[in-house]
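Taking it in order: structure first as structure tokens, then the write-up.
Chain identifiers are assigned alphabetically (A, B, ...) following the order of the sequence lines, protein sequences preceding nucleic acid strands; residue numbering begins at 1 within each chain.
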Amino acid sequence: EPEVTQTPSHQVTQMGQEVILRCVPISNHLYFYWYRQILGQKVEFLVSFYNNEISEKSEIFDDQFSVERPDGSNFTLKIRSTKLEDSAMYFCASKEERSYNEQFFGPGTRLTVL
Amino acid sequence: AQSVSQHNHHVILSEAASLELGCNYSYGGTVNLFWYVQYPGQHLQLLLKYFSGDPLVKGIKGFEAEFIKSKFSFNLRKPSVQWSDTAEYFCAVRGGGSQGNLIFGKGTKLSVKP
């Protein structure tokens with residue numbers, strides 16, 4: 001069964017450093033999403049991406065964040081200058097075109113900012 | 001703004017006990033409702049979803065949920081839990097007709113004692 005994959009599974013970085021989290025969505029999916037979950041808190045929406053552009057973003061997704069689909073398979077989330085409060089589990093998700101389809105989630109990347 | 005409340009943070013049950021996890025949402029319009037499950041060390045998986053029609057929705061692994069519009073609720077139920085149901089359960093809502101993001105509740109951790 002096709003699935004969303006994410007790398008790395010765990011990333012440790014120093015405050016102020018740039019990180020890139022990678023996702024490979026399911027191949028025929030057209031909608032892509034990033035969510036995060038700070039330890040002990042709820043899963044929060046960050047951004048959605050369709051047709052090579054951001055379609056929605058939350059207030060969390062400020063200028064420090066960016067997303068890119070550099071080729072036909074990868075979908076990346078970049079945090080330009082990490083802060084301690086960026087430490088969280090980051091989930092990528094993808095969805096087929098039709099609105100009645102579910103979002104399929106990846107296993108997540110645990111980001112730890114020291 | 002849309003929001004989702006899950007009232008139980010941690011539920012502990014013995015095998016064969018019945019389960020009901022509460023979920024309430026706030027959104028005035030048409031909604032799509034979801035329950036996701038996250039088994040230890042695994043990614044979020046869809047248990048069931050409601051878009052329209054019969055408000056009693058049956059999902060995988062014997063789970064069901066009932067959409068009660070007047071109560072803004074979408075509670076998850078299972079008549080007899082198993083040890084393998086130990087996981088975290090997330091209720092989520094999406095504005096009807098939207099291709100967009102999911103709004104998640106904080107999650108309920110279910111521990112089933114063998």
Side-chain angles (χ1 to χ4, degrees), chain A residues 1-7 9-10 23-26 29-51 53-61 67 77 88-110, chain B residues 1-10 21-27 29-53 57 59-60 63 65 87-109:
Chain A
E1 186 177 325
E3 56 183 27
V4 177
T5 59
Q6 290 184 242
T7 54
S9 57
H10 191 187
C23 169
V24 179
I26 295 172
H29 287 189
L30 298 177
Y31 288 85
F32 313 115
Y33 307 83
W34 282 101
Y35 293 82
R36 78 170 186 192
Q37 185 180 26
I38 295 170
L39 188 64
Q41 298 186 26
K42 61 176 69 178
V43 177
E44 301 171 291
F45 167 73
L46 292 177
V47 65
S48 61
F49 191 86
Y50 173 71
N51 201 26
E53 60 183 24
I54 290 173
S55 48
E56 279 185 80
K57 61 181 181 179
S58 72
E59 59 190 27
I60 301 168
F61 194 87
V67 289
L77 174 70
M89 185 73 100
Y90 288 80
F91 295 102
C92 173
S94 69
K95 191 176 79 67
E96 288 184 273
E97 175 96 47
R98 290 164 293 173
S99 64
Y100 290 154
N101 289 94
E102 68 187 87
Q103 294 177 24
F104 287 81
F105 283 80
T109 293
R110 180 168 296 285
Chain B
Q2 300 173 36
S3 67
V4 178
S5 298
Q6 290 182 246
H7 312 295
N8 310 104
H9 178 62
H10 191 185
L21 301 182
C23 173
N24 287 91
Y25 65 91
S26 68
Y27 185 70
T30 305
V31 291
N32 305 145
L33 295 157
F34 305 81
W35 275 98
Y36 279 84
V37 61
Q38 188 174 29
Y39 297 102
Q42 297 189 28
H43 55 273
L44 289 161
Q45 300 172 43
L46 184 70
L47 267 183
L48 46 79
K49 61 187 177 186
Y50 172 80
F51 283 84
S52 63
V57 180
I60 61 172
F63 285 90
E88 190 147 18
Y89 293 81
F90 295 91
C91 182
V93 64
R94 184 176 72 200
S98 169
Q99 300 281 7
N101 56 290
L102 298 172
I103 306 294
F104 283 87
K106 288 189 76 170
T108 298
K109 185 176 177 182

- Task: Below 4.5 Å from any heavy atom of chain A, which atoms of Gln38(B) appear? Answer side chain, backbone, both or neither.
- Result: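 For Gln38(B), side-chain heavy atoms alone lie under 4.5 Å from chain A.
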- Is any side-chain heavy atom of His43(B) less than 4.5 Å from a side-chain heavy atom of Gln6(A)?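 When only atoms from C-beta onward are counted, Gln6(A) and His43(B) do not touch, as no gap falls below 4.5 Å.
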- Message: In the structure I gave you, are the side-chain heavy atoms of Gln103(A) and Tyr36(B) within less than 4.5 Å of one another anywhere?
- Response: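 Gln103(A) reaches Tyr36(B) side chain to side chain.
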- Working to the nearest 0.5 Å, report the span between NZ of Lys42(A) and OG of Ser5(B).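 Between Lys42(A) NZ and Ser5(B) OG, I get 6.5 Å after rounding to 0.5 Å.
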- Task: Could you tell me the separation between the CG atom of Leu44(B) and the CZ atom of Phe105(A), rounded to the nearest 0.5 Å?
- Result: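 Reported value, rounded in 0.5 Å steps: 5.5 Å.
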- Message: Give me the atom names and distance for the closest heavy-atom approach of Lys49(B) to Glu102(A).
- Response: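 Closest heavy-atom pair between Lys49(B) and Glu102(A): NZ-N, 4.1 Å.
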- Just wondering, more than 12 heavy atoms not from His10(B) lying within 6.0 Å of its NE2?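 Counting other residues, nucleotides and ligands, NE2 of His10(B) exceeds 12 neighbours.
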- Query: Is it the case that more than 12 heavy atoms not belonging to Ile60(B) sit under 6.0 Å from its CD1 atom?
  - Reply: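 It does: Ile60(B) CD1 has more than 12 such atoms within range.
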- Message: With chain B as the partner, which of Gly40(A), Gly106(A), Ser55(A) has the greatest number of non-hydrogen pairs under 4.5 Å?
- Response: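 Top option by heavy-atom pairs under 4.5 Å: Gly106(A).
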- Message: If I measure from the heavy atoms of chain B, does Tyr35(A) come under 4.5 Å with its side chain, its backbone, both, or neither?
- Response: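 Answer is side chain: those atoms of Tyr35(A) sit under 4.5 Å from chain B.
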- Is it the side chain or the backbone of Gln37(A) that comes within 4.5 Å of chain B heavy atoms, both, or neither?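 Contact with chain B: side chain only.
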- Item | Closest-packed option against chain A by number of heavy-atom pairs under 4.5 Å, given Phe104(B), Phe34(B), Phe90(B) |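 Result: the option with the highest number of such pairs is Phe104(B).
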- Query: Can any side-chain N or O of Tyr33(A) pair as donor or acceptor with the backbone N or O of Leu102(B) at less than 3.5 Å?
  - Reply: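 Not at all, since once roles are kept as given, no pair shorter than 3.5 Å links the two residues.
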- Listed by chain and number, what are the side chain to side chain donor-acceptor pair (under 3.5 Å) partners of Glu3(A), not counting sequence neighbours?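 With sequence neighbours excluded, Glu3(A) shows a side chain to side chain donor-acceptor pair (under 3.5 Å) to no residue whatsoever.
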